[in-house]
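Below: one structure, written as structure tokens.
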Amino acid sequence: MDYKTLGLDPDQEKAATYPGSALVVAGPGAGKTRVLLARVLWLLDQGVPPEKIFLLTFTLRTRAELRNRIKTLGSPDPRIETFHALAYSLLAEASDQPPRLLSEEESLAFFKRLLKKDKSRLSPKRLLEFRGRERPEYQAFFQEYERYLEATHSYDYYRLLAVFKGKRGTFKDYHLLIDEYQDLSPEIIEFLKFFKGATFFLVGDPAQAIYGFRRADPQKLKPHLQTLSPDLKILFLSKSYRVPSRILEIAERWREDPFEIRHNLAASVEGGWVEGYAFSSEQSEAVGLAKEVSRLVGGTTLEKGQVRSYAPGDLLVLARLRQLLKPLKEAFLKEGLPLAEPEEEAQSRLQEIQKRLEGGLSRPRLTEDLQKIWPEASQFLDLEEEKEILLARLKLLRAPDLLKVSREGVNLLTIHGAKGLEAPVVILAGAEEGLLPFNLLPDSDLSEEKRLLYVALTRAKEGVVWSWAKRRFLFGRPLPGRVSRWLASLPFREPKRPRPKPAQQGLF
DNA sequence: GTGTATGATTTTTTT
DNA sequence: AATCATACAC
């Protein structure tokens, strides 16, 4: 099928058909997925065989989405993989038997034993965070861990990529298409160097890099990526088809541009609305937003006089910290609103899958059980695959792969959880100093916090409600009680506190 | 083993 | 503020 049937705009077409290695800056709603698909079609059109096209994603969810869309277009399948799954299958192809993969829980269990023996105060989780970093004081632990991995021919998530370090294959005439490059960790970039000679096509948005704590550093990203291909051409998609102008204007003020190229995203949709509220406390914020949500769901009048009523599932309620969602949830329930917590649901589903798999099931039972717990499993995994390989792939499964936003309930999420999603209305709670930017703990990264705000605002297709509380306690200490520095220039309303009901004057 | 006091920790977590 | 791990007494 011809890529032209996708109806690309000039920027998108220029990117999709760029003959060499390219890095495409694709802002929110600018057509990132469309460009990736078009690139695949264009390459096939140019006579590149499908097995020489690698489409790489972070999550199985994105992988499944892309694969479905390619199927719908009726084109032959390129190789679509997650980074870690690709590394695993390259290793499996090169060895006699499928390598053993350690889940995070298994790594932690090993560290726990190690630390106990050593009577160390360090927590296993903390230790695992230091994996692959220069920490001489923990060298001994990691050496023992490495010895264990080597002896048992096992790989954890880190080693899976690290074994490719310094190795170079020959991949001339290959094309690597990479999704969400802004979140590439140094280890993945190092892994990608294995594909020497390939043409790289990277799509993503540095302004949406929010995984700095996983060592994805947008400041160092550009030079790093340029080592993949020295003549990497930087291209832009300049139009957002999602975020309307009024919202985009605000978001763009705070767009962090680590590539230092002045470039602003233009909205293709005029309008949109933004409403701010200042509440007196966390409690009144929760109650106030519950009322606001009721109003939006019940039917509301827009400026032009027409009535727009939203389904509960049209709303994303976002907060910087998970614990901020709790009071919101309670107030929403009291208001009788249907709600959903997609991150919690995904997490518990993942645990259920992991628990069932621990018990060493027979091959037929494995498929059967899996489909029972996870009906969509066949869209994500090849259930016919050899047992060991299927198990390894299941160990690569993470909660975000199972994330599903609700259509029936108001979706309560962290900003991180909302990445990649969109909805008619975004409700951002806790937009105050201390929380946005979140700086109550050391090592807070102001730029990353700014990008989190950018991500939150740019999920919205029609409107944004944002709010802050003048009084809130966190970690047992009061927050400053000021509006977020990044939203301070916007107007906000201060709903009058509902007067406490007058005491009853006595019945008699 | 179990109750209780103490102290440390507290974020986000695509593999 | 609330939770969780650890230590100690019983």
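Labels below follow one simple rule: chain letters A, B, ... track the order of the sequence lines, proteins then strands, and each chain is numbered from 1. Atom set for the values below is all heavy atoms of this structure, side chains included, hydrogens, waters and symmetry mates excluded.
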Is there a donor N/O on one and an acceptor N/O on the other, under 3.5 Å, for the side chain of A:Arg320 and the base of B:dT11?
yes
Measure the distance between the ring centre of A:Phe213 and the centre of the six-membered base ring of B:dT12, then answer whether it is under 5.5 Å with planes under 30°.
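Stacked: centres under 5.5 Å apart, planes under 30°.
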Just to be sure I understand the rule, does [X] reach a base, reach only the sugar-phosphate, or reach nothing, if contact means heavy atoms closer than 4.0 Å?
X        : result
A:Glu104 : base
A:Tyr211 : base
A:Lys395 : nothing
A:Arg393 : nothing
A:Thr414 : sugar-phosphate
A:Glu343 : sugar-phosphate

Gap between atoms [atom1] and [atom2], on [X] and [N] respectively (whole Å):
X        : N      : atom1 : atom2 : answer
A:Leu474 : C:dA1  : CG    : P     : 12 Å
A:Glu129 : B:dT12 : CD    : P     : 12 Å
A:Leu324 : B:dT11 : CG    : P     : 11 Å
A:Leu435 : B:dT12 : CG    : C1'   : 13 Å
A:Asp443 : B:dT10 : CG    : P     : 11 Å
A:Gln323 : B:dT11 : CD    : P     : 7 Å
A:Leu440 : B:dT10 : CG    : P     : 13 Å
A:Leu403 : B:dT12 : CG    : C1'   : 15 Å

Pick from A:Gln371, A:Arg61, A:Lys404: which one makes a side-chain hydrogen bond (donor to acceptor under 3.5 Å, both in side chains) with A:Glu376?
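By the side-chain hydrogen bond (donor to acceptor under 3.5 Å, both in side chains) criterion, A:Glu376 pairs with just one of A:Gln371, A:Arg61, A:Lys404: A:Lys404.
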Tell me yes or no: between the side chains of A:Tyr157 and A:Ser103, is some donor less than 3.5 Å from an acceptor?
no
Taking OP1 and OP2 of B:dT10, is either one under 4.0 Å from a side-chain nitrogen or oxygen of A:Arg126?
yes
With a cut-off of less than 4.0 Å, is there a side-chain N or O of A:Arg322 near OP1 or OP2 of B:dT10?
no
Can you tell me how the ring of A:His416 sits relative to the ring of A:Phe213, calling it parallel under 30°, perpendicular over 60° and tilted otherwise?
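Answer is perpendicular, since the angle exceeds 60°.
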May I ask you to check whether A:Phe200 and A:Phe195 place their ring centres under 6.0 Å from each other?
no
When the P atoms of C:dC4 and B:dT11 are compared, how many Å lie between them, rounded to an integer?
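It comes out at 11 Å once rounded to the nearest Å.
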Intermediate values then yes/no, side chain to side chain donor-acceptor pair (under 3.5 Å), A:Tyr454 and A:Arg255:
CA-CA 7 Å; A:Tyr454 186 82; A:Arg255 182 185 175 95; 2.8 Å; yes
